[in-house]
Amino acid sequence: MAADPPVFRFAPSPNGLLHLGHAYSALLNADLARAEGGRLLLRLEDIDPARCTPALEAMLLQDLDWLGFAHEGSVRRQSEHFDCYRAALDALVGEGLAYPAFMTRGEIRRHAAAFEEAEGRPWAVDPDGAPLYPGLDRLLSEAERRARIAAGEPFAWRLDMEAALQRLAAPLAFRETGGGEPADVPAEPALWGDVVLARRDTPTSYHLSVVVDDAIQGVTRVVRGRDLLAATSVHRVLQALLGLAVPVYHHHDLILGPDGQKLAKSRGDVSLRALREAGLTPVDIRRMVGLTAEAQATP
Ligand code: GLU
């Protein structure tokens with residue numbers, strides 16, 4: 001029996017205009033899918049209703065269309081599947097692996113600053129550079145949790161990383177093809193501490209929804225920017241805890257701006273739309289991101 005074709009996906013967030021970095025990721029997914037006879041899916045990671053708007057989504061779809069990004073089937077919008085992420089969260093809560101955390105981001109920052117002041121050494125940061133959450137809410141009694149939730153205090157669900165790693169016992173790794181030769185990369189989830197799984201205003205998190213969706217969509221090949229390499233360690237833990245299939249990962253180089261920094265919507269980096277309005281063609285875009293023109297040229 002023939003093996004099932006590999007399944008690729010491009011999963012942008014419609015919270016700003018696409019730039020060259022997105023174009024590279026989308027086109028690389030499409031090229032690899034084509035080269036390997038694979039399927040190509042599109043998922044919109046629109047869990048943040050404050051930043052992801054229908055207007056941005058419409059522009060994103062137009063830009064991908066213009067680029068010639070041809071995905072299969074309908075688009076999966078994460079905002080239409082909160083029940084799936086809720087079920088995964090409930091499973092983790094039910095296993096005693098997630099707990100309500102009331103500390104706000106500001107309180108975490110103040111906690112870190114007070115530590116640095118008192119100890120004269122830096123407070124640990126996670127791989128994204130954010131101060132590590134100190135885990136204080138893990139120590140609350142069940143009665144106190146219930147009372148604070150009943151009083152309407154906002155909270156986030158956090159993964160009890162230590163308990164999770166104890167449960168899994170064996171160290172985790174993932175297959176990575178982005179560094180030339182395929183390699184098994186050891187996961188280092190402890191660097192992230194007790195990551196957020198859901199917040200009151202966003203009923204899931206990137207980490208939780210990405211692993212649930214990759215599994216539901218049968219994704220076997222995740223091709224995305226190197227800036228998400230460290231996050232894959234968290235994804236491996238969630239996959240192991242939830243019994244989800246594990247894709248092969250390919251973290252590609254990032255397209256950098258003239259100042260050597262990664263492109264970002266928030267920095268106002270030049271959008272694909274602006275390049276198109278300036279008269280550039282999709283073939284020009286392929287060249288600008290270092291892909292050969294051939295893959296685009298066939299009708
Ligand atoms: N939605 C993420 C982003 O736009 C990508 C997530 C992924 O590919 O896993 O950066």
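What you see is a predicted model, and the numbers here were worked out from it, not measured in a lab. Indexing begins at 1, ligand by ligand and atom by atom, following the structure's order. Each residue takes its place number in the sequence, starting with 1.
Only the side chain of Tyr206 comes within contact range of ligand 1, with a heavy atom under 4.0 Å; no backbone atom does. At a heavy-atom distance under 4.0 Å, atoms from both the backbone and the side chain of Ser13 approach ligand 1. Counting heavy atoms closer than 4.0 Å to ligand 1, residue Arg9 contributes side-chain atoms (C-beta onward) but none from N, CA, C or O.
Within the 4.5 Å cutoff, the side chain of Leu244 has heavy atoms near those of the Val211 side chain.
Using a 4.0 Å cut-off between charged side-chain N and carboxylate O, Asp83 and Arg86 make no salt bridge.
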The test is side-chain hydrogen bond (donor to acceptor under 3.5 Å, both in side chains); show your working for Asp194 and Tyr99 and say whether it passes. CA-CA 9 Å; Asp194 292 354; Tyr99 61 91; 2.5 Å; yes
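The Ala11 neighbourhood of ligand 1 comprises atoms 1 (N), 2 (C), 4 (O), 5 (C), 6 (C), with distances under 4.0 Å to a heavy atom of that residue. Remark: ligand 1 atoms within the under-4.0 Å shell around heavy atoms of Val210 are 9 (O).
Note: Trp192 and His207 have perpendicular aromatic rings, judged against thresholds of 30 and 60 degrees for the angle between ring planes.
Note that Arg175 lies outside the cation-pi zone of Tyr249, set by a 6.0 Å cut-off to the ring centre and a 45° limit from the axis.
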